[in-house]
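Read the structure below first, then the notes.
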Number of protein chains: 2
Amino acid sequence: MVTLAEVAQHAGVSASTVSYVLSGKRSISGATRQRVEQSIRELGYHPNAGARALASSRSNIIALMVPLRTDMYVPVMMEIAIAVATTARLHGYDVLLLTGEEGPDAVRRVTGSGLADAMILMDVELADERLPLLRGTDQPSVLIGLPADTTGLTCVDLDFGATGALCVEHLAKLGHHDIAVIGEAPAVYERHTGFAERTLDGLRSRARELDLRVLHRPCEGGYDAMAVTLARIFDERPGTTGFVVQNESAVEPLLALLRQQGRAVPEDVSVVAVCPDQVATQASVRLTSVAIPAQEMGRYAVEHLVAKLDGRGSDEVVLIAPELTVRASTGPAPSAS
Amino acid sequence: MVTLAEVAQHAGVSASTVSYVLSGKRSISGATRQRVEQSIRELGYHPNAGARALASSRSNIIALMVPLRTDMYVPVMMEIAIAVATTARLHGYDVLLLTGEEGPDAVRRVTGSGLADAMILMDVELADERLPLLRGTDQPSVLIGLPADTTGLTCVDLDFGATGALCVEHLAKLGHHDIAVIGEAPAVYERHTGFAERTLDGLRSRARELDLRVLHRPCEGGYDAMAVTLARIFDERPGTTGFVVQNESAVEPLLALLRQQGRAVPEDVSVVAVCPDQVATQASVRLTSVAIPAQEMGRYAVEHLVAKLDGRGSDEVVLIAPELTVRASTGPAPSAS
DNA sequence: ATAGGTTGTCGAAGCGCTTCGACACTTTCT
DNA sequence: AGAAAGTGTCGAAGCGCTTCGACAACCTAT
């Protein structure tokens, strides 16, 4: 293992000079810098992370807490994680992967031990147990998701309220009057993650303004659950012609069942999904959808943290404006054609 | 920030005694131990990770290199990552998330800086650039996947050869003679990740023994690509009654297209998939499948590393025996009924 | 020519922990 | 009873780095 001191000796300078070449915190003459850099290369020097962390009280690590569940939104989570890791590297940070399993203890452990300089939390609940801890520390953090009380916190999320509104507007413009919303599994609502409710609220209030009828049904993923849900919907509102789906694992079953019942998409029935683009484009019908901007959220989270660690930036809540992409699953309402 | 010294003072012992209470590396009397533990609790002490790493040259971190691609096997990757993180915590390790992006440089950086004590590599190619580096260091590592040359390496993977054989045996037992294999996208084969080829080899050689005909077609995911592929298959081998699919994003399109063509599953055509259980059970037909044991691989990788770091364990290649679960997508061949 | 300001480099202290050898004390064996 | 072995604790060194103050050496303005 090559040390700073060896590099210094090799280059004929003092250790501190090498350190300053590395960090750029003091000016170094061109000649010295080149000599040192040359030595670093020749010796294959890598600064020791532990020593660095100890001396500078900076680990250059960002902790990312992902949910333990692997049953929901997996691609989104993964995409966020990758975006976080990639962006972090761009800024000289590494990423520590924590699972939600440990809960608040993980937060305590990480902040207490100086393992990480900052944290990103995913899968935030409305009254998340970890929030008081975050407020009580001076370690920067970003939530991906929106808790009930955001005072003193930085959050980023898709504007799900606007997303709901956008979906219903699109359907309204096409002449649909009876809208069914197929939501996440009941468990998601019970967990109070918030995003599902926000979508619904946004959607309902816009629907009221536009004078549309909305029927909301939570739904487990899979074909069997979807079949039951769909039957109930058409039973209660036979005139339903517009669907908004916010449940990845219900998308394909819905399309299959509609097809099976002889309801053509988009001729008889229109479907708008709230899902990652990949799901929307790989479905059996290319879906009109509002994308979940996973990459953008991950990137934003890291960049905000880096700014804060550099002494810039402040607390804020950023809601990303939804974008609706029209594909092949929505069209004029049958009565309007 | 509470330090070891403060704990020591509070408990009325020396710093080294506290350290030994924490590590258990020397015997400590019950009374002292309790006093120290009490102080730790009262002060809310957390050992500083950097100092610890520096003094002990152990970071208690395991690096996990995940592929950058988010287009393939995402749920499997995620499941492995979660299993790795969970198992690591059980053994007192944290997990550093690296993306494949940096390639061999990441390996150099991590081993050089002592950021991590060990590494787990996913998405290993047959002649992976990172292998020479791993062989040239004394830092333990585990590959999830199988390169061409495994000398001096520890690897864990599903036994894809046996998997292929198992699929074809199952179909043979049901009386199918003409088997079509729908593989990964051509890019996967070109990348030489090995697993796809191994499945195919195992499948083909067993098919030869059982006197079956096999037609292999790589396939991009999605409906359009699948439609083309399927048409070609039935064109070339109209008598095909058995399918083996090793491509998550081809599964649902295949089922939909078969249905659309009036070929009932499993009455007219049987389908065996190689995919995570979640995909198999959530598909429109509950699929007979060989599961990809993501959790098991993740857990094994960590446990092997921990053993190695503790001075136990040695290099070895572990191939996990495939298990075929019969569900609703396979049945007797039509001619045999 | 001299005070004042820059610029580039160095030495030393110290970050918080682990670990080694030493040492006092107790127990066990002959 | 004395030597040998085991127990529990301490002090000090040192892990590899950052950072602060000091200080030559040089440049500019007067």
Side-chain angles (χ1 to χ4, degrees), chain A residues 1-37 39-40 43-61 92 109-117 309-311, chain B residues 1-37 39-40 43-61 92 109-117 309:
Chain A
M1 196 96 310
V2 187
T3 71
L4 218 194
E6 295 176 84
V7 174
Q9 191 174 7
H10 187 272
V13 296
S14 76
S16 46
T17 302
V18 177
S19 178
Y20 287 124
V21 167
L22 251 29
S23 69
K25 294 194 179 171
R26 284 204 183 171
S27 54
I28 296 286
S29 71
T32 308
R33 154 169 293 116
Q34 292 197 352
R35 207 140 33 83
V36 170
E37 281 167 354
S39 297
I40 288 176
L43 301 177
Y45 169 71
H46 284 274
N48 181 89
R52 211 164 223 204
L54 177 56
S56 64
S57 2
R58 278 299 191 90
S59 62
N60 287 304
I61 288 180
R109 195 166 59 84
V110 167
T111 58
S113 67
L115 233 186
D117 297 332
L309 289 168
D310 289 353
Chain B
M1 197 97 306
V2 187
T3 71
L4 219 197
E6 296 176 83
V7 174
Q9 191 175 6
H10 186 272
V13 297
S14 76
S16 47
T17 302
V18 177
S19 178
Y20 286 124
V21 167
L22 251 29
S23 70
K25 292 194 177 169
R26 285 204 182 170
S27 54
I28 296 287
S29 70
T32 307
R33 155 169 291 115
Q34 293 197 352
R35 208 140 34 82
V36 170
E37 280 168 354
S39 298
I40 289 177
L43 301 179
Y45 169 70
H46 284 273
N48 181 88
R52 210 164 226 201
L54 176 56
S56 64
S57 3
R58 278 298 191 89
S59 62
N60 287 302
I61 288 180
R109 195 166 59 84
V110 167
T111 58
S113 67
L115 233 186
D117 298 332
L309 289 168

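A, B, ... follow the sequence lines: proteins, then strands. Residue 1 opens every chain.
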Nearest to side-chain heavy atoms of B:Ser14, which nucleotide of D:dC10, C:dC17, C:dG11: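 So the side chain of B:Ser14 is nearest to D:dC10.
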The side chain of A:Leu54 lies closest to which of these nucleotides: D:dT18, C:dC17, D:dG16?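 Per side-chain heavy atoms of A:Leu54, the pick is D:dG16.
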Nearest-Å distance for atom pair [atom1]/[atom2], residues [X] and [N]:
X        : N      : atom1 : atom2 : value
B:Asn48  : D:dG16 : CG    : P     : 17 Å
B:Met1   : C:dG14 : CE    : C1'   : 18 Å
A:Arg52  : D:dC17 : CZ    : C1'   : 8 Å
B:Arg58  : D:dG16 : CZ    : P     : 16 Å
A:Leu115 : C:dC15 : CG    : P     : 20 Å
B:Leu4   : D:dC10 : CG    : P     : 13 Å

Distance below 4.0 Å between B:Thr17 side-chain N/O and D:dC10 OP1 or OP2: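 So the side chain of B:Thr17 is within the cut-off, an N or O lying under 4.0 Å from OP1 or OP2 of D:dC10.
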When you measure from the side-chain N and O atoms of B:Ser56 to the phosphate of C:dT18, is any distance below 4.0 Å, counting only OP1 and OP2?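 No, because none of the side-chain N or O atoms of B:Ser56 sits under 4.0 Å from OP1 or OP2 of C:dT18.
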Return all side-chain donor-acceptor pairs below 3.5 angstrom for residues 5-13 of chain B, not counting sequence neighbours, or 'none' if the list is empty.
| unit_1 | atom_1 | unit_2 | atom_2 | d |
| --- | --- | --- | --- | --- |
| B:Glu6 | OE2 | B:Thr3 | N | 2.9 |
| B:Glu6 | OE2 | B:Thr3 | OG1 | 3.4 |
| B:His10 | ND1 | B:Ser39 | OG | 2.8 |
| B:His10 | NE2 | B:Glu42 | OE1 | 3.4 |

Would you please name every residue forming a side chain to side chain contact (heavy atoms under 4.5 Å, CB included) with [X], sequence neighbours left out?
X       : answer
B:Ser56 : B:Arg58
B:Ile61 : A:Leu96, A:Leu115, B:Ser59, B:Asp94, B:Leu96, B:Ala116
A:Leu4  : A:Val18, A:Ser19, A:Tyr45
A:Ser57 : none

Listed partners of B:Thr111 passing side-chain hydrogen bond (donor to acceptor under 3.5 Å, both in side chains), at least two apart: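 So B:Thr111 forms no side-chain hydrogen bond (donor to acceptor under 3.5 Å, both in side chains) with any residue.
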Results of side-chain hydrogen bond (donor to acceptor under 3.5 Å, both in side chains) for B:Ser29 - residues two or more places apart only: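 Partners of B:Ser29 by the side-chain hydrogen bond (donor to acceptor under 3.5 Å, both in side chains) criterion, ordered by chain and then number, come out as B:Thr32.
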Tell me, do A:Arg35 and A:Thr17 make a side-chain contact under 4.5 Å, heavy atoms counted?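 A side-chain contact is absent here, since even the closest heavy-atom pair is not under 4.5 Å.
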Please give me every residue in residues 18-33 of chain A whose heavy atoms get under 4.0 Å of an atom in DNA chain D, ordered by residue number.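 Those residues whose heavy atoms fall under 4.0 Å from DNA chain D, taken from residues 18-33 of chain A in numerical order, are A:Ser19, A:Tyr20, A:Lys25, A:Arg26.
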Which angle, to the nearest 10 degrees, lies between the helix axes at the two ends of the helix from C:dG5-D:dC26 to C:dT30-D:dA1, each defined by five pairs?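 Between the first-five-pair axis and the last-five-pair axis there is 40°.
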Closest non-hydrogen atom pair, B:Met1 against A:Gly112: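 Smallest interatomic distance, heavy atoms only, reads SD-O, 3.6 Å.
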Determine whether a donor-acceptor pair (one donor, one acceptor, N or O, separation below 3.5 Å) exists between the side chain of B:Thr3 and the base of C:dG16.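 There is none.
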